[in-house]
J.: 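Encoded as structure tokens, here's the structure I'll be asking about.
Bear in mind that the values here come from a model prediction, so they are computed numbers and not experimental data. Both ligands and their constituent atoms are indexed starting at 1 by order of listing. All values below come from the heavy atoms of this structure, side chains included, with hydrogens, waters and symmetry mates left out.
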Amino acid sequence: MMDQSQKQNSHAILFEQPRIGHLTLKNRIALSPMTRTSATEDGLATEEMGRYYARFARGCYSLVITEGTYTDETYSQGYLNQPGIANQAQADAWRRVVSAVHQEDGLIFMQLMHAGALSQGNRYTDETIGPSSVKPVGEQLDIYGGQGEFSTPREMTKNDIESVIRSFAEAAGRARDAGFDGIEIHGANGYVLDQFLTDYTNQRTDEYGGSTENRIRLHVEVLEAVRREVGEDYPVGIRISQGKVNDFYHKWANGKEDARIIFESLAKAGPDFIHITEYDATRPAFDDGETLTELAKRYTHVPVIANGQLGEPAKAEELIANGKADVITLGKSALANPSWPKRVMEGEPVEEFDFSILQPQAYIKEHEL
Ligand SMILES: Cc1cc2nc3c(=O)[nH]c(=O)nc-3n(C[C@H](O)[C@H](O)[C@H](O)COP(=O)(O)O)c2cc1C
């Protein structure tokens, strides 16, 4: 039996205070972005969402990253009832979420997302766009009300690309003005930026296609534009992955060399953090041992946030202790444990995730408030 003092010292490394930009986090545990499609039809964040997010701050997550939030009133929306920050009314609606989290002494970053070819529910248009006219693999997500195959997107013109870049920057400005503590650009999981990075969805022959340097260009340009909009001192980072919501086990074709080019390119744009999501963050990214977070740390020299099956405290702690990440985010384990940091700090056991919480669809349930 552990006595109380030993209990309170458990996993101490998770409760150190890392820095992201000018911010000091009160521990190394953050909430992973999770789409819950609980906004109004016109993309307004609700009071219920404020209570849902505040619960994680109350449970001592140092940082809440919002669900992917769409950036414009044309092609970015991915799911019906997804929240947006594409206009002032949507930005204003987020203020109640921001203040609910701040009242619990938490920090909150907004994740900005453009769905591109994976859009399966968009109140502004039925057409989808992507780097090339390639039908996405897999099927629409049923937890967000989709069914069957994705549409084949229209190939984006230079104008489309410019307007995507502009939409991220303008949305970031609105998020900063609404009180968010920082921005995460969603560059992962198969959405539009990742569609540019992914060899089989990007068949372009211009400066955005072909080499890895070209395929990561849009991420870099979005980061630069957001940085210009929000200023040097405002925390901005980007999320990157190999896997996708519609292609879980995808790997970068040139392994470590791709990782070097991708991370060095991102680093040049001056992010305050890189958020890496892998199926299991502790597994080798490619064949020879290193995790993707280690590679990100080596090539960017900025704080790295790790995500993917880190709900077991000892596993999360080991990743940090071995210098492979600075912060961890929890997704499904957070849904099962809205007070995970508090529980771990106090030596209490954590619950297993039960998929029924996302059934019949992913919207927020009454018992989560
Ligand atoms: C219901 C649900 C919604 C998600 N929505 C998003 C999202 O909006 N943006 C994002 O980057 N990742 C999203 N993800 C992925 C999670 O952030 C996380 O990467 C994934 O669940 C793996 O982490 P875990 O093993 O801790 O669950 C979502 C995951 C779930 C389960």
J.: Just say parallel, tilted or perpendicular for the rings of Y70 and Y124, cut-offs at 30° and 60°.
T.: perpendicular
J.: I need the nearest protein heavy-atom contact for atom 8 (O) of ligand 1: residue, atom name and distance, please.
T.: T35 OG1, 2.5 Å
J.: Which atoms from ligand 1 have a heavy atom of S32 less than 4.0 Å away?
T.: 16 (C), 17 (O), 18 (C), 19 (O)
J.: Can you confirm, on distance only, whether ligand 1 has an N/O atom lying under 3.5 Å from any N/O atom belonging to G68?
T.: yes
J.: Please name the residue in the list Y61, F273, Y234 that meets the ring-ring contact (aromatic ring centres under 6.0 Å, His included) test with F109.
T.: F273
J.: Return the residue, atom name and 0.1 Å-rounded distance of the protein heavy atom closest to atom 2 (C) of ligand 1.
T.: Y144 OH, 3.6 Å
J.: Please work out whether any backbone atom (N, CA, C, O) or any side-chain heavy atom from C-beta onward of L335 is under 4.0 Å from ligand 1, and answer side chain, backbone, both or neither.
T.: neither
J.: Side chain or backbone, does E184 bring an N or O within less than 3.5 Å of an N or O on ligand 1?
T.: no
J.: Can you check which of R239, K332, M34 brings a heavy atom nearest to atom 30 (C) of ligand 1?
T.: M34
J.: Hey, any chance V137 and V192 share a hydrophobic cluster, counting ILVMFWY side chains that come within less than 4.5 Å of each other, even indirectly?
T.: no
J.: Looking at L358, which atoms of ligand 1 are within less than 4.0 Å of one of its heavy atoms?
T.: 1 (C)
J.: Decide whether F355 and W340 are clustered together by the hydrophobic rule: side chain heavy atoms of Ile, Leu, Val, Met, Phe, Trp, Tyr closer than 4.5 Å, transitively.
T.: yes
J.: Atoms of ligand 1 less than 4.0 Å from T277 heavy atoms?
T.: 19 (O)
J.: Could you find the nearest protein heavy atom to atom 25 (O) of ligand 1 and give me its residue, atom name and distance?
T.: Q309 N, 2.8 Å
J.: Tell me whether I65 is reachable from I185 by hopping between hydrophobic residues (I, L, V, M, F, W, Y) whose side-chain heavy atoms are closer than 4.5 Å.
T.: no
J.: Measure the acute angle between the ring planes of Y53 and W94, then classify it against the limits of 30° and 60° as parallel, tilted or perpendicular.
T.: tilted
J.: Assess F355 for proximity to ligand 1: is some non-hydrogen atom of it under 4.0 Å away?
T.: no
J.: Decide yes or no on side-chain contact (heavy atoms from CB on, under 4.5 Å) for L295 and R260, but give the supporting numbers first.
T.: CA-CA 7 Å; L295 294 167; R260 183 186 65 75; over 6 Å; no
J.: In the protein, which heavy atom is nearest to atom 9 (N) of ligand 1, and how far is it?
T.: Q111 OE1, 2.8 Å
J.: Please tell me whether I320 and V302 are part of a single hydrophobic cluster in this structure, the criterion being side-chain heavy atoms less than 4.5 Å apart.
T.: yes
J.: Applying the side-chain hydrogen bond (donor to acceptor under 3.5 Å, both in side chains) test to T198, which of K244, Q242, R215 qualifies?
T.: K244
J.: In the protein, what heavy atom is nearest to atom 14 (N) of ligand 1, and what distance, to one decimal place, separates them?
T.: P33 O, 3.3 Å
J.: What protein heavy atom sits nearest atom 26 (O) of ligand 1, and how far off is it?
T.: G331 N, 2.8 Å
J.: Under 4.0 Å from any heavy atom of N189, which atoms of ligand 1 are there?
T.: 10 (C), 11 (O), 12 (N)
J.: Please report which non-hydrogen protein atom sits nearest to atom 20 (C) of ligand 1, along with the residue it belongs to and the distance in Å to one decimal place.
T.: N307 OD1, 3.9 Å
J.: For the CD atom of E278 and the NZ atom of K251, what is their distance to the nearest 0.5 Å?
T.: 5.0 Å
J.: Look only at the side chain of R204 and the backbone of P131, and say whether a donor-acceptor pair between them is shorter than 3.5 Å.
T.: yes
J.: Quick one: does L310 get a heavy atom under 4.0 Å from ligand 1?
T.: no
J.: Is there a heavy atom of G308 sitting under 4.0 angstrom from any atom of ligand 1?
T.: yes
J.: Any N/O of E67 closer than 3.5 Å to an N/O of ligand 1?
T.: no
J.: Would you please classify the geometry between the Y79 ring and the Y144 ring as parallel, tilted or perpendicular, with 30° and 60° separating the classes?
T.: tilted
